[in-house]
A.B. asks: 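After the structure tokens below, expect a handful of questions from me.
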Amino acid sequence: MIRTRVIATAAKAPEQVITNEDLSKIVDTSDEWISQRTGIKERHISAGENTSALVIDVAKQLLEKTEVPGESIDLIVVASVTPDYGTPSLACMVQKEIGAKNAVAFDVVAACSGFMFALSTADKYIKSGMFENAIVIGGETLSKIVDWTDRATCVLFGDGAGGAYVEKSQEAGVVHENLGSAGELYDILTEGYTNCSNAFNDIPAEIDSKWYVNMNGREVFKFATKNVVRSMKRVMEEAQVDRDEIKYIVPHQANVRIVEVVSKKLGIPMEKFYMNMERYGNTSSASIPMALNELNERGLLERGDKIMLSGFGGGMTWGTMLIEW
Ligand code: UT7
């Protein structure tokens, strides 16, 4: 059976670190509130580098690690809600910088579930036999679309990118997945609204705040716990894998309290959930691949291990993937 196997992972975060203490100097918040409600202590914030700089860095690292030349890459898929441009896609910018002149390159948008949707897309091209390999990256500079006067959202997010080089394998790889969308809930988490304007119509400007991240935190919390639990259960049932067989779960790094609820509902101990949100905050589509890369770089994964990646995000969307490492 053809499978899509993760051969290498990589991540990149901006150098600048902003602590909870730093945030308490610009909005009415405290380290205590942020730590207790979210588990986040600090996040990396761009000092000028745009999303393309982060995702290109990840792509270059992946080629270095695998020693695969750029011209041998078949597919580049980047997930982001904070690209540099409307067009070109980030994937095309990556293509240029790594010399992947034979690749097909495009972006996908599924907010914090973006990496799951991007990996799922690459998996289908590889399983269909159309492509042999792919670079899949999630990357964001959320700092440019966060309202830095809104304490309810600005304390949650960070910038970064993470990704994987995947290729066709007969041995291991993606075993099963569950993706989902609930568009009827789209307005509980939005960002980046652009107003309609032209030279012929006098169209009143929408309120500027719709450009920034707008979120009903409690509704997103409810959505996340319900759907992540359901999605992970479904993947384990359909793949006939027992929860005890799972070595690690890499959840979307949004809030430690969400992970605690999921852990309790699934009866899977917290130690199995790999988390680094304490140091990076919520980096949206980058959060899962950044955490996966850390798990991998720390040497905690062995070939044959079963792991699950699971995320949720704007759209609303969710995605879970069971991978044999
Ligand atoms: O990638 C997907 C992204 N989103 C998520 O995953 C978000 C999911 N939701 C959450 O993680 C939580 O709902 C939050 C962390 C966003 C908020 O936690 P909460 O326990 O739901 O707090 P809340 O929104 O109910 O607010 C409680 C209080 C409010 O004050 P009052 O009305 O009780 O007086 C807020 O005004 O906390 C206040 N508050 C803050 N206080 C200090 C909100 N933000 C802050 C802050 N510092 N940064």
Side-chain angles (χ1 to χ4, degrees), residues 18-43 45 79-82 109-118 138-143 145-162 179-182 185-192 212-229 231 250-263 265 273 275-278 280-291 309-320:
I18 300 295
T19 63
N20 291 348
E21 191 62 36
D22 295 329
L23 285 170
S24 71
K25 291 175 189 145
I26 62 163
V27 284
D28 181 14
T29 191
S30 63
D31 175 46
E32 193 192 359
W33 192 96
I34 305 170
S35 305
Q36 283 180 5
R37 300 272 177 150
T38 70
I40 298 164
K41 285 285 203 187
E42 55 190 38
R43 69 286 293 143
I45 297 291
S80 184
V81 290
T82 51
V109 176
C112 308
S113 315
F115 184 74
M116 307 309 303
F117 280 59
E140 310 283 0
T141 42
L142 293 160
S143 55
I145 46 100
V146 157
D147 177 356
W148 289 103
T149 64
D150 176 17
R151 69 176 183 174
T153 52
C154 76
V155 302
L156 305 173
F157 299 100
D159 300 336
L179 300 184
S181 311
L185 294 174
Y186 83 85
D187 61 352
I188 65 173
L189 176 50
T190 63
E191 65 86 10
Y212 297 116
V213 174
N214 273 283
M215 181 173 70
N216 181 333
R218 286 188 183 184
E219 286 304 314
V220 175
F221 196 103
K222 271 197 268 173
F223 171 87
T225 47
K226 182 174 149 202
N227 287 290
V228 167
V229 168
S231 177
V250 182
H252 171 41
Q253 310 286 313
N255 187 327
V256 70
R257 289 190 295 134
I258 292 177
V259 179
E260 280 164 1
V261 174
V262 171
S263 154
K265 284 195 177 169
F273 290 81
M275 287 182 286
N276 64 6
M277 77 237 337
E278 188 181 3
Y280 293 103
N282 178 348
T283 56
S284 192
S285 68
S287 99
I288 290 176
M290 284 176 80
L309 315 180
S310 189
F312 63 93
M316 297 298 285
T317 55
W318 70 86
T320 301

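Residue numbers start at 1 and run along the sequence shown. Whatever order the structure lists ligands and atoms in, that order sets their numbers, starting from 1. Heavy-atom basis, side chains included; hydrogens, waters and symmetry copies ignored.
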A.B. asks: For atom 18 (O) of ligand 1, is the nearest protein heavy atom under 4.0 Å away?
C.D. replies: yes
A.B. asks: Tell me the contacting part of N282 for ligand 1: side chain, backbone, both, or neither, using a 4.0 Å heavy-atom threshold, strictly below.
C.D. replies: side chain
A.B. asks: Taking NZ, NE, NH1 and NH2 as the nitrogens, is one of them in R257 or E260 under 4.0 Å from a carboxylate oxygen of the other?
C.D. replies: no
A.B. asks: Looking just at side-chain N and O atoms, do D159 and T141 make a donor-acceptor pair shorter than 3.5 Å?
C.D. replies: no
A.B. asks: What is the closest protein heavy atom to atom 8 (C) of ligand 1, and at what distance does it sit?
C.D. replies: G217 O, 3.5 Å
A.B. asks: Among all protein heavy atoms in this structure, tell me which lies nearest to atom 36 (O) of ligand 1, with the distance rounded to 0.1 Å.
C.D. replies: R151 NH2, 3.0 Å
A.B. asks: Please classify the F221 to ligand 1 contact at 4.0 Å (heavy-atom distances, strictly less than): side chain, backbone, both or neither.
C.D. replies: both
A.B. asks: What residue and atom, counting heavy atoms only, is the protein's closest point to atom 43 (C) of ligand 1, and at what distance?
C.D. replies: W33 CZ2, 3.4 Å
A.B. asks: Within a distance of under 4.0 Å, is there any protein heavy atom near atom 38 (C) of ligand 1?
C.D. replies: yes
A.B. asks: What are the two closest non-hydrogen atoms of F117 and G180, and how far apart are they?
C.D. replies: CZ-O, 3.8 Å
A.B. asks: How about M116 and T320: do any of their side-chain heavy atoms sit closer than 4.5 Å?
C.D. replies: no
A.B. asks: Which of the numbered atoms in ligand 1 are under 4.0 angstrom from any heavy atom belonging to C112?
C.D. replies: 1 (O), 2 (C)
A.B. asks: Quick check: closest heavy atoms across A291 and Q253, and the distance to 0.1 Å?
C.D. replies: CB-NE2, 3.7 Å
A.B. asks: Only heavy atoms count here, so choose which of R218, R257, H252 is nearest to atom 1 (O) of ligand 1.
C.D. replies: H252
A.B. asks: Run the numbers for me: atoms of ligand 1, each under 4.0 Å from some heavy atom of F312, listed by number.
C.D. replies: 2 (C), 6 (O)
A.B. asks: For N255, counting its heavy atoms only, list the atoms of ligand 1 lying under 4.0 Å from any of them.
C.D. replies: 10 (C), 11 (O), 15 (C)
A.B. asks: For atom 29 (C) of ligand 1, is the nearest protein heavy atom closer than 4.0 Å?
C.D. replies: no
A.B. asks: Has the side chain of N255 got a donor or acceptor atom that lies under 3.5 Å from a matching backbone atom of R37?
C.D. replies: yes
A.B. asks: Do you know which of D147, T153, V213 makes side-chain contact (heavy atoms from CB on, under 4.5 Å) with E191?
C.D. replies: V213
A.B. asks: For atom 5 (C) of ligand 1, what is the closest protein heavy atom, and at what distance to 0.1 Å?
C.D. replies: V220 CG1, 3.6 Å
A.B. asks: Are side-chain N/O atoms of S35 and D31 paired as donor and acceptor at under 3.5 Å?
C.D. replies: yes
A.B. asks: Hey, could you give me the CD1/CD distance between I34 and E21, rounded to the nearest 0.5 Å?
C.D. replies: 9.5 Å
A.B. asks: Quick one: does R151's side chain have a donor or acceptor within less than 3.5 Å of a partner on I26's backbone?
C.D. replies: no
A.B. asks: Heavy-atom contacts under 4.0 Å between T38 and ligand 1: side chain, backbone, both, or neither?
C.D. replies: side chain
A.B. asks: Among M215, E219, R37, Q253, which one has a heavy atom closest to atom 22 (O) of ligand 1?
C.D. replies: R37
A.B. asks: Write down the atom of M277, the atom of V256, and the distance for their closest heavy-atom approach.
C.D. replies: SD-N, 3.7 Å
A.B. asks: Could you tell me, atom by atom, which parts of ligand 1 come under 4.0 Å of a heavy atom of A254?
C.D. replies: 6 (O)
A.B. asks: In Å, rounded to the nearest 0.5 Å, how long is the span from OG of S284 to CE of M290?
C.D. replies: 12.0 Å
A.B. asks: With heavy atoms of V155 as the reference, note each atom of ligand 1 found under 4.0 Å away.
C.D. replies: 48 (N)
A.B. asks: Would atom 34 (O) of ligand 1 count as contacted, meaning some protein heavy atom under 4.0 Å?
C.D. replies: no
A.B. asks: Got an N/O contact under 3.5 Å between S30 and ligand 1?
C.D. replies: no
A.B. asks: Is it true that I258 lies under 4.0 Å from ligand 1, counting heavy atoms only?
C.D. replies: yes
A.B. asks: Going by heavy atoms, is G313 under 4.0 Å from ligand 1?
C.D. replies: no
A.B. asks: Can you find a protein heavy atom under 4.0 Å from atom 11 (O) of ligand 1?
C.D. replies: yes
A.B. asks: What atoms in ligand 1 come closer than 4.0 Å to a heavy atom of T29?
C.D. replies: 42 (C), 46 (C), 47 (N), 48 (N)
A.B. asks: Could you tell me if T283 and E140 have a donor-acceptor pair between their side chains, going purely by distance under 3.5 Å?
C.D. replies: no
A.B. asks: Answer yes or no: does an N/O atom from F157 fall short of 3.5 Å to an N/O atom of ligand 1?
C.D. replies: no
A.B. asks: Could you tell me whether a side-chain N or O of S113 sits under 3.5 Å from a main-chain N or O of G313, the two making a donor and an acceptor?
C.D. replies: yes
